[in-house]
Amino acid sequence: MASNLDLQQSGASVAGRHARPARSVGGARIDSAPGVDGSSRIDAASRAIPETVRFPGRLSQPEFYSAAYPLMFLSRRMEERLLELFQKGYVKGTVTMSAGNEATAAGMTMPLRPGRDVVALLHRDFVGHLLLGATPYQLFCQYMANAESITHGREGNCHHGDVAARRLPMISHLGKMPSLVVGSTWAARREGEDVFGLAVIGDGGSSTGEIHESLNVASVQRVPVIFLIQNNHYSFSTPTTYQYHCRHLSDRAHGYGIKGLTINGLDAWEVYTTICDAMETMQATSLPMIIECMTTRLYGHAAYDKGDYVPADKLREWRELDPLPATRRKLMEACGMSEPAVAAIEQAVDEEVRSALALAMPVGRPDPMSHHMSVFAETPPAVVKPYSTPRVKNGEAVGRALDYLLENNPRAFLFGLDVGVYGSAFKTCKGLIERHGAERVLDMPLCESALVGFALGASQIGAQPIMEFQFADFSTEVGTQLGMNASTWYFRTGQPAPLLMRLPCGGGVTMGAFHSGEFEGLWSRFPGLKLLYPATAQETFEALVAGFYDPNPCLVFEHKLLYWSKGGEIDFDGRLESLWRSRRYTEGTDVTVVAFGAMVHECLTVAGRSRRSIEVWNPFVLQPMDMGPILESVCKTGRLLVVQECGAMQGLGDRVIASVCREAMGALKCAPKLVAAPDLPVPFAPELESHYRPNAHRIEAVIDQMVRED
Ligand SMILES: Cc1ncc(C[n+]2csc(CCOP(=O)(O)OP(=O)(O)O)c2C)c(N)n1
Ligand SMILES: [Mg+2]
């Protein structure tokens with residue numbers, strides 16, 4: 001813990017050491033902005049952020065105010081400039097002003113240790129970014145989306161952070177970041193680190209489902225995260241009377257078996273000391289807490305909103321309570337500081353704003369021709385431990401792969417619903433908890449979206465999550481978290497997001513519309529996800545291993561019907577690179593048949609009995625799909641049939657056909673055909689379902705027709 005003396009020695013006796021990151025504009029700190037190419041990533045250990053006087057050491061009031069006020073003033077001044085720049089067209093997107101919220105944002109951030117504690121800030125936490133290491137220059141660049149912007153222009157405004165320093169970048173979808181904080185904090189503490197989390201949410205965002213999910217997971221798993229609710233009485237134009245019915249939002253803590261407090265968010269010292277106290281409490285209990293800060297919003301929701309729906313007397317009252325002048329008065333009282341001394345600080349801040357802006361304004365625009373934009377982190381070629389086993393069923397191959405991954409990767413963990421003692425709904429995880437322990441095979445609450453967020457957060461700390469969806473159908477619960485947050489993570493932050501997601505899928509098991517879907521078509525619509533769909537025991541093992549070691553979010557579709565009905569030997573030589581390829585099962589000259597999942601076996605039945613010469617392929621890697629070998633095959637046979645289990649509009653068959661038409665139209669002897677289910681939900685009764693699902697008989701008839709046609 002530093003003393004007053006330290007503060008004086010640092011040469012920042014007025015602004016305090018907290019102000020230092022904000023002062024270091026230009027030069028080295030700008031170079032260290034996270035880059036997508038990975039070359040300029042910040043190494044958390046070598047960051048220039050000073051180990052400031054933070055929890056468990058507490059600042060005295062003079063220390064606190066002399067550190068907080070200049071940063072709050074800097075935040076206000078910068079946002080005023082950003083608003084002007086927006087009106088002049090220099091700032092893109094919008095500006096969501098923090099004015100009125102600076103005391104909450106500064107007080108909650110001051111106790112955190114950058115690079116250690118995990119935090120997800122929101123759109124009114126500008127000062128929090130400054131406090132935790134973002135420089136004014138970087139922030140101006142970010143808002144102007146220029147070539148030096150923190151996200152390299154790939155994302156805008158407040159959607160930035162510093163993953164290596166554990167400041168996770170917000171996404172627009174409110175309520176989605178806290179689960180990441182829970183996952184990161186959990187993963188870091190599992191490694192023995194003394195870490196806390198801070199997850200921020202507004203009164204509006206507090207109504208989202210995932211806030212409940214995240215609080216519940218944090219509470220069940222005993223993860224010390226502060227859920228800080230910034231209650232500024234409005235969600236855009238919606239007053240809190242239309243948002244919730246309880247007295248205080250913190251009252252909800254009771255439902256999670258945790259502590260909740262509502263405090264005055266306009267008093268920076270009160271916020272700061274409450275957070276310090278909370279950290280001490282959480283150190284003892286390991287439980288999360290809810291801290292609701294009653295705060296204000298002095299502008300409209302964003303640059304485009306006048307906020308004229310706020311009654312005039314309320315706005316007048318809020319202006320009178322403006323935390324900036326209030327903190328200024330406290331600074332003078334606590335430090336015995338004169339008016340000219342405070343004015344000198346403000347002048348220095350103004351000068352800093354001017355010089356940061358003068359540096360940022362001439363920075364060029366990002367050049368789309370030379371700008372590196374990739375949605376996937378590169379997969380370095382690697383060789384891992386080989387594995388082989390005599391014949392096993394496909395379902396058992398899943399268990400073998402999971403066992404192999406847990407055995408060889410101490411930071412891997414398997415989690416989901418009923419994967420522990422029960423061994424998962426299809427028993428694919430049987431025995432894993434006995435072999436690897438409850439610390440690594442975790443039964444989690446029923447909340448798929450927060451679980452994906454949890455996995456994404458954990459992955460940023462070096463943990464290697466393997467998540468099981470009980471059924472692929474429940475993946476529709478995670479549209480935002482997987483399809484927008486995890487999938488874009490590398491693009492936005494330059495950091496890999498290595499997640500392995502297992503989706504038991506498909507019909508033929510008489511389980512109806514909500515337990516029989518495949519969903520590979522849906523998930524292929526989100527750039528940044530990799531999709532694998534194995535059909536044999538060998539492929540099942542390979543898909544899980546490939547997906548696990550890949551630095552991107554990977555979804556493995558496991559057809560449930562094949563768990564019991566199919567099997568084979570597994571012989572894996574350890575070379576990962578060679579796994580990412582399409583699979584050919586038979587050679588033929590009459591027709592190329594491309595099949596997905598369980599349809600592979602229907603097609604192989606046909607190939608085995610038909611008098612036609614049929615070449616059966618499984619793309620296996622559905623995204624990014626390598627069409628090269630399939631195109632070659634079609635050029636040889638001149639005919640293409642695609643077979644998928646799901647409805648014509650729901651799968652990837654049309655995409656394969658479109659690609660062949662684009663690239664090899666001239667080689668086709670007849671129009672390509674698609675055998676698919678009708679576009680209906682999967683019907684329940686066995687008679688209806690077997691009529692709905694494509695089968696060998698239909699496939700054979702279409703092949704005969706295609707070969708007869710020319
Ligand atoms: C899930 C979701 N729905 C809608 C929006 C659009 N939106 C952006 S900010 C906002 C208001 C948020 O209010 P609150 O959580 O109280 O935060 P405040 O802006 O008041 O700080 C809305 C509706 C969003 N970002 N996320
Ligand atoms: Mg609000």
Side-chain angles (χ1 to χ4, degrees), residues 75-76 79 83 93-109 120-129 155-160 168-180 198-215 227-246 248-250 252 262-266 271 290-311 314-315 318 321 323 449-450 452-453 477-485 488 492:
S75 168
R76 179 76 63 98
E79 285 195 335
L83 196 54
T94 193
V95 184
T96 43
M97 300 286 282
S98 315
N101 193 49
E102 293 99 335
T104 291
M108 71 184 193
T109 320
L121 299 171
L122 273 191
H123 50 291
R124 301 197 200 283
D125 297 332
F126 200 88
V127 67
H129 287 289
E155 243 307 323
N157 315 126
C158 51
H159 296 168
H160 62 87
L168 308 180
M170 80 171 274
I171 63 167
S172 286
H173 297 55
L174 294 169
K176 292 295 169 188
M177 292 309 295
S179 58
L180 277 74
L198 176 68
V200 189
I201 195 71
D203 47 283
S206 76
S207 299
T208 59
E210 198 167 317
I211 285 298
H212 160 65
E213 294 185 8
S214 307
L215 270 157
F227 287 75
L228 190 136
I229 303 174
Q230 296 177 343
N231 188 338
N232 61 8
H233 311 276
Y234 277 85
S235 167
F236 200 154
S237 70
T238 306
T240 46
T241 40
Y242 288 99
Q243 198 67 244
Y244 59 86
H245 186 59
C246 50
H248 296 301
L249 286 170
S250 64
R252 294 178 180 173
T262 295
I263 62 169
N264 178 7
L266 299 173
V271 178
I290 296 179
I291 297 177
E292 179 186 19
C293 297
M294 302 309 293
T295 179
T296 56
R297 192 189 80 189
L298 298 180
Y299 286 78
H301 172 66
Y304 45 76
D305 171 32
K306 290 195 183 72
D308 43 15
Y309 42 82
V310 178
K314 186 162 274 205
L315 194 56
W318 288 352
L321 295 170
S449 188
V452 173
E477 295 288 303
V478 308
T480 302
Q481 202 57 277
L482 191 53
M484 301 198 77
N485 203 358
T488 63
R492 291 180 292 121

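As a basis for the values below, the full set of heavy atoms in this structure was taken, side chains included, without hydrogen atoms, waters or symmetry mates. For ligands, and for the atoms within them, numbers begin at 1 and follow the listed sequence.
- For the Mg ion (ligand 2), the set of nearby N, O or S atoms under 2.8 Å includes none belonging to Ser235.
- Ring-centre distance between His160 and His129: below the 6.0 Å cut-off.
- Close approach of ligand 1 to Gly204 is summarised as follows: ligand atoms under 4.0 Å from at least one heavy atom of the residue are 14 (P), 15 (O), 16 (O).
- For ligand 1 and Leu174, the ligand atoms under 4.0 Å from any heavy atom of the residue are 1 (C), 2 (C), 9 (S), 10 (C), 12 (C), 24 (C), 25 (N), 26 (N).
- Any N or O atom pair closer than 3.5 Å counts here, and His123 shares at least one such pair with ligand 1.
- A donor-acceptor pair under 3.5 Å is formed between the side chain of Thr296 and the backbone N or O of Gly100.
- Under a 4.0 Å N-O distance rule, the pair Lys176/Glu210 qualifies as a salt bridge.
- Among all heavy-atom pairs drawn from Thr208 and Gly175, the shortest one is OG1-CA, 3.5 Å.
- Nearest protein neighbour of atom 23 (C) of ligand 1, counting heavy atoms only, is Ser235 OG, 4.3 Å.
- Distance screen at 4.0 Å: atom 6 (C) of ligand 1 has no protein heavy-atom neighbour inside the cut-off.
- Ligand-side atoms of ligand 1 in range of Asn232: 18 (P), 20 (O), 21 (O), range being under 4.0 angstrom from any heavy atom.
- Judged by distance alone, with hydrogens and angles left aside, the side-chain atoms of Asn232 form no donor-acceptor pair with the main-chain N or O of Arg297 at under 3.5 Å.
- For atom 3 (N) of ligand 1, no protein non-hydrogen atom is found at a distance below 4.0 Å.
- In this structure, the side chain of Glu213 engages the main chain of Ala450 through a donor-acceptor pair within 3.5 Å.
- For atom 15 (O) of ligand 1, the closest heavy atom belonging to the protein is Gly205 N, 2.8 Å.
- For ligand 1 and Arg124, the ligand atoms under 4.0 Å from any heavy atom of the residue are 18 (P), 19 (O), 21 (O).
- If you put the vertex on the Mg ion (ligand 2), OD1 of Asp203 and OD1 of Asn232 sit 90° apart, to the nearest 10°.
- Of the protein's heavy atoms, His301 CE1, 3.1 Å lies nearest to atom 9 (S) of ligand 1.
- Just one of Glu79, His123, Arg76, Gln230 meets the side chain to side chain donor-acceptor pair (under 3.5 Å) condition when paired with Ser98; it is Glu79.
- Taking every heavy atom of Phe236 and a limit of under 4.0 angstrom, the matching atoms of ligand 1 come to 11 (C).
- For ligand 1 and Asp203, the ligand atoms under 4.0 Å from any heavy atom of the residue are 15 (O), 16 (O).
- Counting only distance, with no hydrogens or angles, the side chain of Asp125 and the backbone of Leu122 share a donor-acceptor pair below 3.5 Å.
- When each atom of ligand 1 is checked for a heavy atom of Ser172 under 4.0 Å away, the hits are 24 (C), 25 (N), 26 (N).
- Between the side chain of Asn157 and the main chain of Thr94, a donor-acceptor pair closer than 3.5 Å is present.
- Between Thr208 and ligand 1, no pair of N/O atoms sits closer than 3.5 Å.
- A distance of 11.5 Å separates OG1 of Thr96 from CZ of Phe236, quoted to the nearest 0.5 Å.
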